[in-house]
Each structure stands twice: as C-alpha cells, then as structure tokens.
Participant: 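Below is a structure I'd like to ask you about.
Hydrogens, waters and symmetry mates play no part in the numbers below; they use all other heavy atoms, side chains included.
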Amino acid sequence: MRAPWDEAKALQRLEEAETAAARFAGHSLRSGLATSASANDAPGQAIQRQLRHKKFDTTMKYIRSGQLYKKNAAGMAGL
C-alpha cells in the first residue's frame with residue numbers, strides 16, 4: 001500500500017516536469033540542434049536534411065550565430 005505522501009510527491013514531480021517542458025518549444029529545440037550541429041562543423045545540407053527543410057534559407061534561420069556558443073564557461077569546462 002502506498003503512503004498518501006507518495007502520491008502527493010508524484011503529482012508534484014509531474015507538475016514540475018510539465019512546467020519544465022513548457023519552457024521548451026519545438027522551435028527552440030530545433031534551433032538548438034541546428035546551432036550545435038553548425039558549431040561542430042556539420043555541413044549545412046546535413047542540418048537541412050535533419051530538420052526536413054525544403055529551403056536552405058529556412059535552415060539558416062534556425063542557426064544562431066555568435067561567440068556566445070563558441071566561447072563560454074561550460075564549453076571550456078568540457079561540458
């Protein structure tokens with residue numbers, strides 16, 4: 001038999017997961033993939049194919065540029 005606090009804890013964790021999931025939209029995840037792949041020298045056509053874009057211009061909109069993603073503390077720490 002489960003203790004009542006087990007169910008309350010499970011519901012709390014579910015609510016926390018839903019809140020965290022709401023912070024990430026499909027486009028932000030796709031943009032993160034495109035940006036990371038580009039930063040790691042993936043060919044643009046490979047990124048385009050992965051994102052299933054018909055036009056490369058669309059793919060380019062998903063790739064965020066700048067030094068923020070290249071020279072940051074987490075990257076320098078190997079994370």
Participant: Who are the side-chain contact (heavy atoms from CB on, under 4.5 Å) partners of S36, not counting sequence neighbours?
Facilitator: none
Participant: How many angstroms lie between CD in Q12 and CD in E7, if you round to the nearest 0.5 Å?
Facilitator: 14.0 Å
Participant: What residues form a side-chain hydrogen bond (donor to acceptor under 3.5 Å, both in side chains) with S31, not counting sequence neighbours?
Facilitator: R64
Participant: Extract all donor-acceptor atom pairs below 3.5 Å that involve side chains of residues 43-54 and protein atoms in other chains or at least two apart in sequence.
Facilitator:
{"from": "Q48", "atom 1": "NE2", "to": "H53", "atom 2": "O", "distance (Å)": "3.2"}
{"from": "Q48", "atom 1": "NE2", "to": "K54", "atom 2": "O", "distance (Å)": "3.2"}
{"from": "H53", "atom 1": "ND1", "to": "T59", "atom 2": "N", "distance (Å)": "3.4"}
{"from": "H53", "atom 1": "ND1", "to": "T59", "atom 2": "OG1", "distance (Å)": "2.9"}
{"from": "H53", "atom 1": "NE2", "to": "R30", "atom 2": "NH2", "distance (Å)": "3.1"}

Participant: Roughly how far apart are Y62 OH and S28 OG, rounded to 0.5 Å?
Facilitator: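 Those atoms lie 10.0 Å apart.
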Participant: Quick one: hydrophobic cluster around L14, which other residues, with the 4.5 Å side-chain cut-off, linked directly or via members?
Facilitator: none
